[in-house]
Amino acid sequence: MVLSEIWIYPVKSLAGIRLTEAQVQEKGLQYDRRWMIVDQFGRFLTQREFPHMAMLEVAVRENSLLISNKLKPEENISVPFQPVTAEVMAVTVWDDEVEALTVSDEVDTWLSEQLEMVVKLVIMPETTERKADPRYAKNNENVSFADGFPFLLISQASLDDLNARLEEPIVMKRFRPNFVVTGTKPFAEDTWKSIQIGALSFDIVKPCARCVLTTIDPETAERGKEPLKTLATYRRVNNKILFGQNVVAKQHGLVRQGDEILLTE
């Protein structure tokens, strides 16, 4: 089994970035979902309500992110890693309220124009603790602005199995994984408890329940009924549609595309 793809999503719910290597940290891969767009009340925004967020692409530069509009690439804004305004702000992501820092008035203005509503971009400082669900966490892990856990893993065979059932195949990007694995049978990851990627050990903690975000085409921001309609016919458990596995890291360090994956439990 091999790590075939590595993905990060620096700004929650904006487009992802495929990497050839990444640093594994407690809260997730380096830069993954450390930034988040919130409304004027500090509530998080996602493609679930605002599908056109999919049209905003992100690139990682030396000291900044670059956010651009996929449809108008000349429209872009630089987001400094070091916040300019740096005001402490209470923000809400699902049931959690945590402290974040505002980044830049200029960035807020640009994003507000793109999304046609008043928004702010915030960053999670290293000092902020947001605990993963204690029912599944292994070592009291903290998580970034990701939905629930630091990492998401999906096997390519699981997507291939789904695509064989769909009229039009979909891309892995719909499911926003961090790790894609090749060399398995479909849904083999459902049975794993612990794995090693390269030199680093990880625990598989719970299946990932999927939502309407998977029905948004990442290339066009158009919403359809698939893949949830088809997944519901064979991946529904306790009224949740499961696809992929949530993961926590037991060790921190570097993972690379092509790393061998060993099943340790």
* To do: Give a yes or no on whether a salt bridge exists between Asp190 and Arg235, defined as a side-chain N under 4.0 angstrom from a carboxylate O.
  => yes

* Closest non-hydrogen atom pair between Val103 and Pro80, with its separation -> CG1-O, 4.2 Å

* Is the distance between the ring centroids of Phe243 and Phe187 less than 6.0 Å? -> yes

* To do: Test side chain to side chain contact (heavy atoms under 4.5 Å, CB included) on Leu228 and Thr214 and set out the steps.
  => CA-CA 7 Å; Leu228 289 185; Thr214 60; 3.4 Å; yes

* **Heavy-atom side-chain proximity of Glu265 to Leu263 below 4.5 angstrom** => no

* **NZ or CZ of Arg210 within 45° of Phe175 ring axis and under 6.0 Å** => no

* Asked: Can you list the steps and then say if Glu226 with Ile170 is a side chain to side chain contact (heavy atoms under 4.5 Å, CB included)?
  -> CA-CA 9 Å; Glu226 297 293 6; Ile170 61 171; 5.5 Å; no

* Between CD1 on residue Ile77 and CG on residue Leu56, distance to nearest 0.5 Å -> 12.0 Å

* Asked: For Lys27, does its backbone N or O pair with a side-chain atom of Asn142 as donor and acceptor, under 3.5 Å?
  -> no

* Asked: Rounded to the nearest 0.5 Å, what separation is found between the CD atom of Glu21 and the CG atom of Leu29?
  -> 11.5 Å

* Gln82, CD atom: more than 12 neighbouring heavy atoms under 6.0 Å -> no

* **Minimum side-chain heavy-atom gap Val11-Ile67 below 4.5 Å** => yes

* Kindly determine whether Gln257 and Thr20 satisfy side chain to side chain donor-acceptor pair (under 3.5 Å), including the steps that lead there. => CA-CA 5 Å; Gln257 182 177 304; Thr20 55; over 6 Å; no

* **Under-4.0 Å salt bridge between Arg43 and Glu49** => yes

* Heavy atoms only: give me the nearest Ala146-Phe149 pair and the separation to one decimal. => CB-O, 3.6 Å

* Asked: If you look only at pairs with a residue in residues 97-106, which of them pass as a side chain to side chain donor-acceptor pair (under 3.5 Å), with sequence neighbours excluded?
  -> Thr85-Thr102

* **Tyr136 side chain reached by Asn246 side chain, heavy atoms, under 4.5 Å** => no

* Asked: Should the heavy atoms of other residues, nucleotides or ligands under 6.0 Å from NZ of Lys229 be counted, would the total exceed 12?
  -> no

* To do: Check whether the ring centres of Phe151 and Phe179 lie less than 6.0 Å apart, and answer yes or no.
  => yes

* Asked: Any donor-acceptor pair under 3.5 Å linking the side chain of Tyr9 with the backbone of Pro177?
  -> yes

* Between the main-chain N or O of Thr220 and the side-chain N or O of Glu222, is there a donor-acceptor pair closer than 3.5 Å? -> no

* Asked: Looking only at heavy atoms, what is the nearest atom pair of Gln156 and Glu5, with distance?
  -> OE1-OE2, 4.1 Å

* Asked: Hey, are Lys70 and Glu219 close enough for a salt bridge, meaning a charged N less than 4.0 Å from a carboxylate O?
  -> yes

* If you measure from OG on Ser112 to CD on Gln40, what distance do you get to the nearest 0.5 Å? -> 9.5 Å

Would you mind writing out the side-chain donor-acceptor pairs for residues 114-127 within the sub-3.5 Å range, not counting sequence neighbours?
unit_1	atom_1	unit_2	atom_2	d
Gln114	OE1	Asn69	ND2	2.8
Gln114	NE2	Glu75	OE1	2.8

* Asked: Any side-chain heavy atom of Leu262 sitting closer than 4.5 Å to one from Ile195?
  -> no

* Are Phe81 and Trp35 an aromatic pair by the rule of ring centers under 6.0 Å? -> yes

* From CD1 (Ile17) to OH (Tyr31), nearest 0.5 Å -> 10.5 Å

* **Gln196 versus Thr264, side-chain donor and acceptor atoms under 3.5 Å** => no

* Looking only at non-hydrogen atoms, find the nearest pair between Ala15 and Val58 and report the distance. => O-CG2, 4.1 Å

* Asked: Below 4.5 Å, heavy atoms only, C-beta onward: do Phe202 and Ile261 meet side chain to side chain?
  -> no

* Structure fact -> Per salt bridge (charged side-chain N to carboxylate O under 4.0 Å, His left out), Asp203 is matched among Lys193, Lys250, Lys138 by Lys250

* Asked: If you measure only the distance, is there a donor-acceptor pair under 3.5 Å linking the side chains of Thr230 and Thr233?
  -> no

* Asked: Is it true that a side-chain atom of Arg165 and a backbone atom of Asn163 form a donor plus acceptor pair closer than 3.5 Å?
  -> no

* Asked: After noting the C-alpha distance and the side-chain angles of Arg33 and Asp147, does the key distance pass the salt bridge (charged side-chain N to carboxylate O under 4.0 Å, His left out) rule?
  -> CA-CA 9 Å; Arg33 285 170 272 224; Asp147 279 350; over 6 Å; no

* Structure fact -> Looking only at heavy atoms, the pair that brings Asp32 and Pro150 closest together is OD2-O, 4.2 Å

* To do: Determine the interplanar angle of the Phe50 and His52 rings, folded into 0 to 90°, and report it as parallel if under 30°, tilted if 30 to 60°, perpendicular if over 60°.
  => perpendicular

* To do: Report yes if some heavy atom in the side chain of Thr128 is under 4.5 Å from a heavy atom in the side chain of Phe145; otherwise report no.
  => no

* Please say whether more than 12 non-hydrogen atoms of neighbouring residues, nucleotides or ligands are located less than 6.0 Å from CD in Glu74. => yes

* CZ/Arg61: more than 12 non-hydrogen atoms of other groups inside 6.0 Å -> no

* Asked: Going from CG on Leu159 to CZ on Arg174, what distance comes out if it is rounded to the nearest 0.5 angstrom?
  -> 10.5 Å

* **Heavy atoms from other residues, nucleotides or ligands near CZ of Arg18 exceed 12 (cutoff 6.0 Å)** => yes

* Any side-chain heavy-atom pair of Ile154 and Met172 under 4.5 Å -> yes

* Asked: Have Gln47 and Arg223 got a donor and an acceptor in their side chains that come within less than 3.5 Å?
  -> no

* Asked: Yes or no on side chain to side chain donor-acceptor pair (under 3.5 Å) for Glu189 and Ser155, after CA distance, side-chain angles and deciding distance?
  -> CA-CA 7 Å; Glu189 61 270 30; Ser155 73; 2.8 Å; yes

* For Pro73, does its backbone N or O pair with a side-chain atom of Asn76 as donor and acceptor, under 3.5 Å? -> yes

* Asked: Roughly how far apart are Asp108 CG and Glu113 CD, rounded to 0.5 Å?
  -> 11.5 Å

* Asked: Do any N or O atoms from the side chain of Asp39 and from the backbone of Phe41 form a donor-acceptor pair under 3.5 angstrom?
  -> yes

* Asked: Stepwise, does the side chain to side chain contact (heavy atoms under 4.5 Å, CB included) test hold for Asn178 with Ile6?
  -> CA-CA 5 Å; Asn178 297 112; Ile6 303 170; over 6 Å; no

* **Thr92 versus Met36, closest heavy-atom pair with distance** => O-CE, 4.3 Å

* Taking the side chain as every heavy atom from C-beta outward, state whether Ile37 and Lys12 have any pair of such atoms under 4.5 Å apart. => no

* To do: In sequence, state the C-alpha distance, the side-chain angles, and the governing distance for Leu45 and Val38, and then conclude on side chain to side chain contact (heavy atoms under 4.5 Å, CB included).
  => CA-CA 6 Å; Leu45 305 185; Val38 298; 5.7 Å; no

* **Arg130/Asp96 ion pair, N-O < 4.0 Å** => yes

